Every structure is written in C-alpha cells, then in structure tokens.
There are 2 protein chains.
Amino acid sequence: MNIHDVAKKSGLSVVTVSRVLNNSPSVREGNRQKVLSAMEELNYSPNSAARSLVRGKTGVIGMSITNFNDSFYDRVIRVVNRKLAEQGYFLALSIAENEEEGVNFLFQKDRVDGIILLSPLEEKEYVEELKRRNIPFVLLDNQFRHEDVPSVVVDNYLGGYEATRHLIGLGHTKIAYIGGPSVFLSVAERKRGYLQALDEAGLAPFGTDSCGFTVSGGYEVAKRWAREDKLPTAFFCGDDFIALGLVQALREEGIRVPHDISVVGFDDQQFVGEFYPRLTTVRQPEAQMGSIGVELLMKLINGEVLPPAETKLAPQLLVRESTASVRLT
Amino acid sequence: MNIHDVAKKSGLSVVTVSRVLNNSPSVREGNRQKVLSAMEELNYSPNSAARSLVRGKTGVIGMSITNFNDSFYDRVIRVVNRKLAEQGYFLALSIAENEEEGVNFLFQKDRVDGIILLSPLEEKEYVEELKRRNIPFVLLDNQFRHEDVPSVVVDNYLGGYEATRHLIGLGHTKIAYIGGPSVFLSVAERKRGYLQALDEAGLAPFGTDSCGFTVSGGYEVAKRWAREDKLPTAFFCGDDFIALGLVQALREEGIRVPHDISVVGFDDQQFVGEFYPRLTTVRQPEAQMGSIGVELLMKLINGEVLPPAETKLAPQLLVRESTASVRLT
DNA sequence: ATGAAAGCGCTAACAG
DNA sequence: CTGTTAGCGCTTTCAT
C-alpha cells in the first residue's frame, strides 16, 4: 500500500500524489479530489521512514527526562508537548534510567530533529556527546554553564531571596533554611538567596540543615530540631515536600503553622497544595521555561543565530496561608 | 557521512560494511577490523530512516499515557522501559493530551513496531483505529473487554474484596466505602468486592460515597460525614489520596487513626507512604503488568499465536499502620 | 568471503 | 499543471 497504488487508483502520477500529500498549490482541484478519494479508499498513509530519508528530517523532538513524579517536570513536559505540536513537531519522551540504552538511542541525528534535555543527570557527558554528534539541542533546568548551548534556567537565587524577604517583611528575625541534597546547584543557589536577604537586613542565619526532597526528610529534620529545642520562628524550605513534612512534624509537636511558626516551600507541587494550611511557596515558571526552550530549539534547527547562551527566568512567590507575621511574645 | 564513505575509506564494498553493521559472521576478521576502524575515524553511525525503510521495522515501541504524576503509572512505565530495552527496543512515550496530534502520530505503522496503551482515555476509539491500521498493540489497565486484543488488568474486585475482608477480620462491622469518579470501571469493581465481602460476612454496607482521586476529595467527604455525625469504624478508600485526605480530616476532628477509625487505601502511592500512620493499602502488581504487557506485545510482533485476550493480575494487600482491631465500646 | 545490482517509498529537479 | 528521472542510505538477492 504505497504511493504508487494511490497513483494507479487515481489515474495520476506519483508526483501528483506527492504534491497532494504536501499541500502543493499547483494541483488542479479536480485531481486533488481524485487523489484524496483514492487515498481514502486505500486507507493510505505515507511511509514516514521514506519521508525522513529523503527529507533528512523526522519531525520528532526527543526529550530526556529523569523523573516524572513531580509537578515541576509534569508542567514543563506538558507545555513542551503543546508548543511542539503547534509547530508540527512530535514529542518523544525518554526516561534516562539506563544511561546506555535510552539516550544513546535518542542521540541519533536521524531519529530526531532536535533534543531537549530536562534536568539532565549526566549533564556534561550528554552535552559533549550531543555536540560531537552535531544534533541541535537545548538545556532546561541544567546545573552548569556551557558555551554555545542555549539553556533556560530558573533564578533560584532570586527565589530564595524573595522567599526570605517575605519572611523578613513579616517581622521574622529567626529564620532557618532547610535545603535538599547538596549535589544540586539549585539548592546552593536558594541558600545563597536566603543568606543574601538576611545579610541585607542585618540578620544572622538562625541555622541551616538539609535532607532529601521528601516529606519524611522534612519531618525528621523538624523533629530533631524540636527535640533540641532549637526552633526559629520561620523556615524557608528548598522544596515543598520538605516543607510539608516539616509542617506535619511541627503539628505533632503542638506547634501551629503559621500561628507559631511560618513555613515557605518551593516548587508549588500540585499535591502539596491540597493540604492545610496551604503552603506559601515559590512557583517556578514552567510554562515560560517550556515555551522558551521550544523556541530556542526551533531557531537552532532553522539555523538562526543563537541568542545569549543562558536565559534565566524569575520565579514567583505565591503567598498563601503558611506564613504570618511573627508573634510578638 | 554514509555507508559509502566508510566503504571507500576501508577499501571494501558497501555490502561488506553493511555486513559488519549487522554482525554477519561471513566477514573475514581482518576486513571487519578495517571497517570498524573506518567507522570509528569517520564517526559514522548508520542512518536509521534508511534502515527502517528497507527493513520495514523501526525498533521503537510507542506508549501512550495520560498522566504521569502517579506512582502506579510511574512504576509501570519504568518496568516497560527496562523490559523493552532488554529486547533491543526503545520506548517512546507520548502524552495523550491533545488527542488529535500526539496519538495519531504514534499510530503509524512505520513510526513504531508496536504500541502499548496504558489506561487509555478514549479506549474504544483507539482500539478501533489501531485495528484498522493493523498495528500490533496491547492494552494495560484498560476499562473494557475487546476481542482479539491482549490486555493486562488488575483484579480490582479482588482488591476491594481483600481490603474489606481484612477490615472484617479486625472485627469491624461498620465499614464504609469511598470511591473515585464513577466513570472508572476500577472504581465500580473495587466497590463490588467491598459489597461481596460484606455480604459473605452477613454485614450491611455502612454507606458509600465518592469524590475525585484527590486528597481534598477525601478530606471533604470525611468532614461532611463527621458533620452529619455519621461515622463508621472503618473506611475502605478506592485510592490512597482519598485515604490520606480522610485521615487528615479525621485527625482535625480529633479522631485518631487507627485507634478510633481504621482506613485502607489503594495504589500504594509512594508519596503517601511517607505519612504517619503509614497507610494500609492495596498494591497493584505494576511490575508484572509491565513485563507481561511487553511479552505479549513481542509475541504479537513476532506473529505468535495470541494467548487468551485478558490477563487478570491479583493485587496485594499491604497491611501497615492505619488499620487496627475495632475498639470494644 | 565478497561485490554488483536492484529496490524500499518518497520527494526534488527539471521538462514539457 | 503534470510527469519523467534520479536519488536519499541502506539491505538483500544473486553471482562470483
């Protein structure tokens, strides 16, 4: 069932059929209809391998992800999917679990027209490999700076800064920071923002700690601090899960949020938003990140001049119910 | 940079190069080495569009998903990814959001060698379309029965039955069921199991209700029931999120779980497992579902005889800390 | 063990 | 506006 069958059936040549396939204007309306109905009858659809071969393009954009059980990733992926579809591209997701298999597959010029790396784990290796293979690609939420590679990141420093400013503005002076695993640049950046805000306000950090990006991590830290009777009046957490665990633990200790202690999270995880008190948090601009990423990649593919390598996006503080003015005791 | 360049560089013909590419034994070792090093030098990798075209296969399996912010999906996808890689196939994920765009793309015989539909939303349409296009495919966690289509589902009836039996075994007689949206067959099946278990024990259902698969859904139901002073001694929830919301609400009402009321969830959501009391829940056999699904698809692709259309897997009750013997008052 | 030739299904270049 | 010819990069007969 190929283009020749359609040609035969419609009484026209394969070239005309191809023209109809590609919406060429130079086909007489009558003939176009003939071709269309022949296709219909034959239940024909063009072979994409053949098209890719001759055109040198696949119409597919690959995206490598490490994890999807997370609102941030979820939102970015959905936006990318939509934007790509608008441009006539198809998104193929690949889980980077088995470093060898999956990504190497995607990393083939003829498999995809371009690649989006979202929070890549083995960032440097991937970047090098992709450059070597000469495949257009962009980085989203990456950790390091790379020359000549367009990337879109969130200004985590600013996020930490604003979260802390918010707390300071509420009169808090004893503010602690609980971050995630130190391998992440974002963790360090958020902390840097926190320290800067405090410094500007002439305050000393109350204390910092870290744990995994999990509810139980936050829970344990809070329990430990409570046990040691070392509690601030406000916590800035590097992640919503941590914040949620913290709130749970504090509640068990008879400490109310935000009445006794204020808590700020990070990421605006969907799920976490269903708990009371609704968490004040920092929302990352996923939609922007996704659409700018797609735009950059499209430019790269079309050979346009590339803009400055790194685009840094401002996150947004969402003030909700877990923060309040410090209690005057 | 194609096979001809390699041939020229190695001083052999394209056919020999092709043979090396395909591990044909009939190549003299010396020549194989020549070819290999030529490939290396040229940084050559074969064009997959050309291969697909001539072979009529792509080496790609498509999987259509609707949502990934969920442990059940996450686990199934990861297993499928691994199993497929073992077989030399690559998994391409596609979000079924924009029904038109995405899936229709995957639904092309020459794009993928086979398709896995995970909890498809527009199940019947997809099945029909895929049959029409004659693409090998399997259904995972589907809602309806289809002739001639291999599918793997979980025995939700059994899950509901066992969860309820567990509660009955703990001496509970006032047991309620809170299910999810009624469009899902799984919701009805879990309820059917619940009713059956009660019936066998000579008990009447205390009451049933339903809400979205969300924490807030469960929270609101519990608040409502508490307000109406209509509380059982045990809840069986059709979903962990609902169960979690329920526990939160009960706690706010001063009711302790499991001391005053026992709660059973469903799905063993990762995240939910981090809360105390750790939820007694029903775990779906994601690993089995994934690997059986892949096996079936492989058989289909290889033209083997298809086994009985539907494989029904038994879920597993995980007894943890949210259920206890009924209090004797 | 190796190679020449044909062809997978499609599009692009060039005629007419 | 339409068709003839060539070729994308690879694998597969079929000889040798």
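Naming: A, B, ... by sequence-line order, numbering from 1 per chain. As the structure is a prediction and not an experimental result, all values here were calculated from the model.
One interatomic measurement links the two molecules: CD of B:E29 to P of C:dA1, which rounds to 12 Å at whole-angstrom precision. Rounded to a whole Å, the CE atom of B:M1 is 11 Å from the P atom of D:dC10. Atom-to-atom, NZ of A:K57 to P of C:dT11 comes out at 14 Å; the value is rounded to the nearest Å. The distance between atom CG of B:L53 and atom P of C:dA6, rounded to the nearest whole Å, is 18 Å. The distance from atom CE of A:M39 to atom P of C:dG9 is 15 Å, rounded to the nearest whole Å. Remark: C1' of D:dC8 and CG of A:N47 are 13 Å apart, rounded to the nearest angstrom.
Remark: B:Y73 pairs with B:S119 by the side-chain hydrogen bond (donor to acceptor under 3.5 Å, both in side chains) rule, at least two apart or across chains. In terms of the ring pair (Phe, Tyr, Trp, His ring centres under 6.0 Å) criterion, residue partners of A:F184 (sequence neighbours excluded) are, by chain and number, A:F213. By the side-chain hydrogen bond (donor to acceptor under 3.5 Å, both in side chains) test, B:E189 is found to be paired with B:R192, residues two or more places apart in sequence or in another chain being considered. Residues forming a side-chain hydrogen bond (donor to acceptor under 3.5 Å, both in side chains) with A:R283 (at least two apart in sequence, or on another chain): A:D268, A:E286.
At least one donor-acceptor pair closer than 3.5 Å links the side chain of B:E123 to the backbone N or O of B:Q143.
Phosphate proximity of C:dC8 to B:S52: absent, as no side-chain N or O sits under 4.0 Å from OP1 or OP2. The phosphate of C:dG3 has OP1 or OP2 within less than 4.0 Å of a side-chain N or O from B:S13. The shortest distance between the side-chain N/O atoms of B:N2 and the OP1/OP2 oxygens of D:dG9 is below 4.0 Å.
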query = Using Watson-Crick and G-U wobble pairs with both distances under 3.5 Å, what is the 5'-to-3' dot-bracket string of DNA chain C, with [ ] for crossing pairs and | for pairs outside the strand?
reply = ||||||||||||||||
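Residue-level contact check: B:P25 touches neither bases nor backbone, having no heavy atom under 4.0 Å from any strand. At the heavy-atom level, A:S26 lies under 4.0 Å from base atoms of the strands shown.
Separation of atoms OG1 (B:T66) and CD1 (B:I95) is listed at 10.0 Å; rounding is to 0.5 Å. A:R82 contributes atom CZ, which lies 10.0 Å from atom OG of A:S291 (distance to the nearest 0.5 angstrom). With rounding to the nearest 0.5 Å, the separation of CZ in A:R111 from OG1 in B:T58 is 6.5 Å.
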message = At under 4.0 Å between heavy atoms, how does the protein contact nucleotides 11-16 of chain D? Give one character per nucleotide, 5' to 3', with B, S or -.
response = BB----
task = Start with the C-alpha gap between B:Q269 and B:D70, add the side-chain angles, then the distance that decides, and say whether side chain to side chain donor-acceptor pair (under 3.5 Å) holds.
result = CA-CA 7 Å; B:Q269 293 284 345; B:D70 181 294; 3.1 Å; yes
